[in-house]
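Sequence lines set the chain letters: A, B, ... in the order given, protein chains first and strands last, and positions in each chain run from 1. None of these values were measured; they are calculated from a predicted model.
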Amino acid sequence: MAQVLTFRDALRATLMEEMDRNPAVVLLGEDIGVYQGTFRITADFLTRFGPKRVIDTPISELGFVGAAVGMAMLGLRPVVEVMTWNFSLLAADQILNNAAKLRYFSGGQVNVPLVIRGPNGAGVQLSAQHSQSLEALYAHFPGLWVVAPATPADARGLLLTALRGKDPVVFLENAALYGAKGEVPDGDAPIPFGQAEIMRRGHDVTIISYSRMVHLALTAAEQLAQTGIEAEVINLRTLRPLDRETLIRSVRRTHRAVVVQEQWRPFGAAAEIAAVIYEGAFDLLDAPVERVTGADVPMPYARNLELLALPHERDIVAAVQRTLYRQ
Amino acid sequence: MASKRGGAKVRAERTPAGPDLASSVPWYRLMVLTRRFEDEAERAFRRGKIGGYLHLYSGQEAVAAGFLAAIRADDIFFTAYRDHAHAIFRGTPPQAVMAELFGKQTGVAKGKGGSMHLFDVPRGLYGGYGIVGAHIPLATGAAYALRYQGTDRICLCFLGDGAMNSGSFHEPVNMAAVWGQDGMCPIVYIVENNKYAMGTSVDRSTVVTHLASKFGLHGIENEQVDGQDFLTVRRAAERIVARVRATGRPYAIEAITYRLVGHGAADLFQPYRNKGEVEEWKQRDPIQILERELHRAGVLDDAQVAAIHKEAEEKVAAAIKYAEESPEPPPEELPRDVSAQG
Ligand SMILES: Cc1ncc(C[n+]2csc(CCOP(=O)(O)OP(=O)(O)O)c2C)c(N)n1
Ligand SMILES: [Mg+2]
């Protein structure tokens with residue numbers, strides 16, 4: 001059985017169930033309690049679980065992310081909400097130098113079962129400081145898992161895995177998706193990390209993406225289908241680990257690949273994904289791997305400029321056509 | 001040795017004699033052992049046996065010893081990179097520490113952490129950390145976890161004077177005070193004020209040189225202590241630890257101390273201080289101060305002192321030999337321990 005839920009409710013229900021199930025889960029973040037959460041993911045949690053488990057923190061990203069790492073080292077299972085991932089940069093040292101590496105430099109003496117979650121990405125006119133996509137930054141570091149769900153079902157399944165693992169997880173949501181609806185399977189069905197989902201089958205080209213961009217890819221694929229081009233669409237779900245196998249297998253079949261990411265092009269996720277494709281399918285490629293990315297500028301405020309700075313379905317369609325030499 | 005500014009009293013809580021003194025003999029022994037350990041580690045560094053950075057604790061022993069003497073076996077602690085003595089005081093075998101410095105498989109972290117990242121979780125040492133100040137939030141959260149789990153265990157967080165100028169200090173300390181209101185943060189912040197952060201003296205990096213008082217801004221009770229006098233530190237530590245355990249509220253202490261050696265083994269010329277100052281502080285060597293006290297109280301005689309020094313030499317020599325003869329981590333060790341799953 002499955003029910004239709006919004007992305008927000010899928011997250012909310014999953015968190016709540018896991019808190020009911022596991023008393024070691026505690027939440028920390030700014031305005032997650034009394035204020036009910038900036039995006040209302042934690043609405044009513046304070047009443048339900050009390051202030052010892054739902055900790056409203058001061059505006060101290062470094063402080064509360066670091067404290068959560070310490071809690072995790074002692075066996076709690078903290079879930080930190082960063083109001084948006086942009087603010088995680090203030091805690092970058094805690095995430096990258098402590099959470100990610102502690103296990104290694106302690107010779108395996110401690111685990112850091114920590115989930116850091118919150119919205120990542122652009123699209124609602126928040127301009128330069130509030131619109132960043134930081135997945136490539138975090139995925140660069142060994143010791144972190146980097147998760148980027150595209151659907152409510154992903155949100156639930158991946159959050160379950162994150163909440164039950166033993167390692168720090170960077171859980172990248174997207175504010176523009178919180179209201180999106182989708183079928184969510186009932187019951188206890190964690191989605192393992194490193195398993196991409198083929199959202200649409202096709203034999204002409206593979207479009208690879210994650211998070212919100214998956215929906216653009218699906219729309220583009222529909223448009224392409226009207227011109228007789230059948231695109232396969234892969235939702236990566238996690239960037240680290242990256243499901244190299246599914247990617248490579250698909251591209252070896254379609255011989256063409258387009259990678260879509262919201263962030264800036266240089267040194268971005270798409271570059272890594274393209275490299276993986278070259279390493280695994282070079283002999284079978286019929287065209288260079290195309291990248292569709294955000295414009296290489298700080299995000300502007302004006303709506304028209306913002307739209308220009310973000311990938312659009314037509315950019316994906318054009319990229320696919322280039323791989324087919326149809327332009 | 002109270003700071004000139006601020007004027008809070010440096011507490012003197014000395015018991016004249018008694019079990020307190022007899023039970024300090026093992027700590028004297030450990031302080032002698034760690035001093036010898038540091039000296040030999042430095043020699044090994046000069047011989048090229050130890051790589052990277054090597055920060056020694058010589059001169060500051062009474063601070064960590066006094067506090068570690070006051071906690072229970074199930075209590076925990078965090079510290080920075082100047083961490084060899086902390087581990088050895090807590091019972092980590094010196095040879096496992098030395099092997100870590102030598103980058104050997106038999107080191108506490110299998111040679112993956114080195115001098116700056118000593119861990120001995122079963123003994124409550126949750127690490128040595130290399131980014132100045134960045135362990136303070138960890139310790140603060142760990143203290144919360146101890147209370148959340150319904151225990152009366154406490155957490156000690158050792159930090160340097162320099163670390164107090166970082167955001168990593170102010171953010172968690174403020175949170176600790178807030179959590180402490182509900183009895184949810186049983187932590188003691190122990191500032192090892194050795195007057196310098198590398199070459200930058202306290203009075204060149206802050207106007208508020210009474211460092212303990214900075215905790216007061218966040219609503220945390222605090223005091224200073226003479227960090228060269230083990231018995232004084234230990235008495236203060238016992239009182240503070242009992243109180244933190246009972247209340248679940250944070251407490252802070254600034255131990256006035258001095259490192260008699262360079263910041264790290266590479267700090268040869270020390271242009272930031274003059275020899276006279278170092279000589280002056282050598283008169284306040286914590287090992288000699290404790291030795292005198294124990295001597296005067298009649299719980300330690302010359303023969304015992306000599307035996308303790310000899311024993312330390314032998315133990316450290318054995319640790320060096322062990323480290324030298326231990327195998328390097330095998331190549332298979334490289335990818336291990338990055339993640340628990342996958
Ligand atoms: C964030 C950061 N900045 C700079 C350094 C380089 N560094 C290492 S130790 C140190 C001085 C720290 O002084 P203090 O906190 O007083 O500790 P002490 O060395 O005196 O024990 C500095 C600047 C570092 N490791 N981390
Ligand atoms: Mg210092």
Side-chain angles (χ1 to χ4, degrees), chain A residues 23-24 26 28 51-53 55-78 90-91 93-94 96-114 141-145 161 164-168 192-194 240-241, chain B residues 76 78 100 107-114 116-122 125-131 133-149 153 155 166-176 178-179 182 184-185 329 333 335-342:
Chain A
V26 297
L28 296 96
K52 288 204 167 101
R53 297 188 73 189
I55 305 167
D56 272 328
T57 65
I59 304 160
S60 305
E61 277 76 10
L62 180 175
F64 65 77
V65 172
V69 175
M71 291 177 183
M73 291 171 78
L74 266 285
L76 299 194
R77 190 168 278 287
L90 286 123
D93 179 58
Q94 289 299 326
L96 304 175
N97 258 327
N98 280 338
K101 297 176 184 148
L102 262 164
R103 188 169 204 285
Y104 196 75
F105 66 60
S106 70
Q109 291 191 55
V110 286
N111 290 322
V112 184
L114 164 70
F141 284 77
L144 297 175
W145 301 126
T161 300
R164 294 173 188 179
K166 291 182 176 161
D167 296 315
F193 292 168
R240 199 189 252 274
Chain B
I76 65 169
F78 290 70
E100 187 64 30
V108 288
K110 300 186 276 187
K112 287 177 174 171
M116 295 191 284
H117 302 300
L118 298 179
F119 275 73
D120 190 344
V121 168
L125 171 52
Y126 276 83
Y129 293 84
I131 306 295
H135 65 297
I136 307 171
L138 303 189
T140 305
Y144 186 96
L146 294 174
R147 271 298 140 116
Y148 184 86
Q149 288 160 337
R153 299 160 72 195
C155 178
S166 71
S168 307
F169 167 75
H170 289 283
E171 291 194 6
V173 161
N174 176 57
M175 288 179 356
V178 173
W179 294 346
D182 301 319
M184 288 298 286
C185 205
E333 201 54 67
R336 273 186 208 145
D337 302 321
V338 177
S339 301
Q341 67 249 52

- Message: Using 0.5 Å steps for rounding, measure from the CG atom of B/D337 to the CG atom of A/L102.
- Response: 12.0 Å
- Could you tell me which of A/G143, A/S106, A/P51 has the largest number of non-hydrogen atom pairs under 4.5 Å with chain B? A/S106
- Sort A/V65 into side chain, backbone, both or neither according to what part of it lies under 4.5 angstrom from a heavy atom of chain B. neither
- So, for A/D167 and B/A340, which heavy atoms are closest and what is the spacing to 0.1 Å? OD1-N, 2.7 Å
- Applying a strict 4.5 Å limit to non-hydrogen atoms, the region of A/L144 in contact with chain B is neither
- So how far is it from B/M184 CE to A/I55 CD1, rounded to the nearest 0.5 Å? 7.0 Å
- Who are the salt bridge (Lys or Arg N to Asp or Glu O under 4.0 Å) partners of A/R164, not counting sequence neighbours? A/E18, A/D188
- Query: Using a cut-off of under 4.5 Å for heavy-atom pairs, which of A/G108, A/A100, A/A68, A/A72 has the most such pairs with chain B?
  - Reply: A/G108
- Among B/L118, B/V173, B/T140, B/D120, residue most engaged with chain A (heavy-atom pairs, under 4.5 Å): B/D120
- Item | Whether A/Q94 side chain and B/P137 backbone form a donor-acceptor pair below 3.5 Å | no
- Task: Would you confirm whether B/Y144, through its side chain, and A/K52, through its main-chain N or O, come within 3.5 Å as a donor-acceptor pair?
- Result: yes
- Task: Using non-hydrogen atoms and a 4.5 Å limit, figure out which bit of A/L28 sits close to chain B: side chain, backbone, both or neither.
- Result: side chain
- Tell me, side chain or backbone of A/P168 under 4.5 Å from chain B's heavy atoms, or both, or neither? neither
- Task: Answer with side chain, backbone, both or neither: which region of A/Q109 has an atom nearer than 4.5 Å to a non-hydrogen atom of chain B?
- Result: both
- Query: Are any side-chain N or O atoms of A/N98 and backbone N or O atoms of B/A134, one a donor and one an acceptor, separated by less than 3.5 Å?
  - Reply: yes
- chain A contact via B/Y148 - which portion, at a heavy-atom distance below 4.5 Å: side chain
- Message: As an exercise: rank B/I136, B/L138, B/N174 by heavy-atom pairs under 4.5 Å with chain A and give me the winner.
- Response: B/L138
- Residue among B/P172, B/S168, B/G127 with most heavy-atom pairs under 4.5 Å to chain A: B/S168
- B/Q149 versus chain A, the contacting section by heavy-atom distance below 4.5 Å: side chain
- Query: Got a second to check how far B/Q341's CD is from A/T161's OG1, nearest 0.5 Å?
  - Reply: 9.0 Å
- Take the angle between the ring planes of A/F105 and B/H117 and call it parallel below 30°, perpendicular above 60°, tilted in between. parallel
- Message: Just verifying a value: how many Å separate A/M73 CE and B/I76 CD1, rounded to the nearest 0.5 Å?
- Response: 8.0 Å
- Query: Relative to chain A, which segment of B/F78 carries a heavy atom at a distance below 4.5 Å: side chain, backbone, both, or neither?
  - Reply: side chain
- The interface call for A/P241 against chain B, heavy-atom contacts under 4.5 Å, is neither
- Message: Taking the side chain as everything from C-beta on, heavy atoms only, tell me whether A/N97 gets closer than 4.5 Å to B/Y129.
- Response: no
- Note on the structure: Greatest number of non-hydrogen atom pairs under 4.5 angstrom with chain A, of B/E171, B/R336, B/M175, falls to B/E171
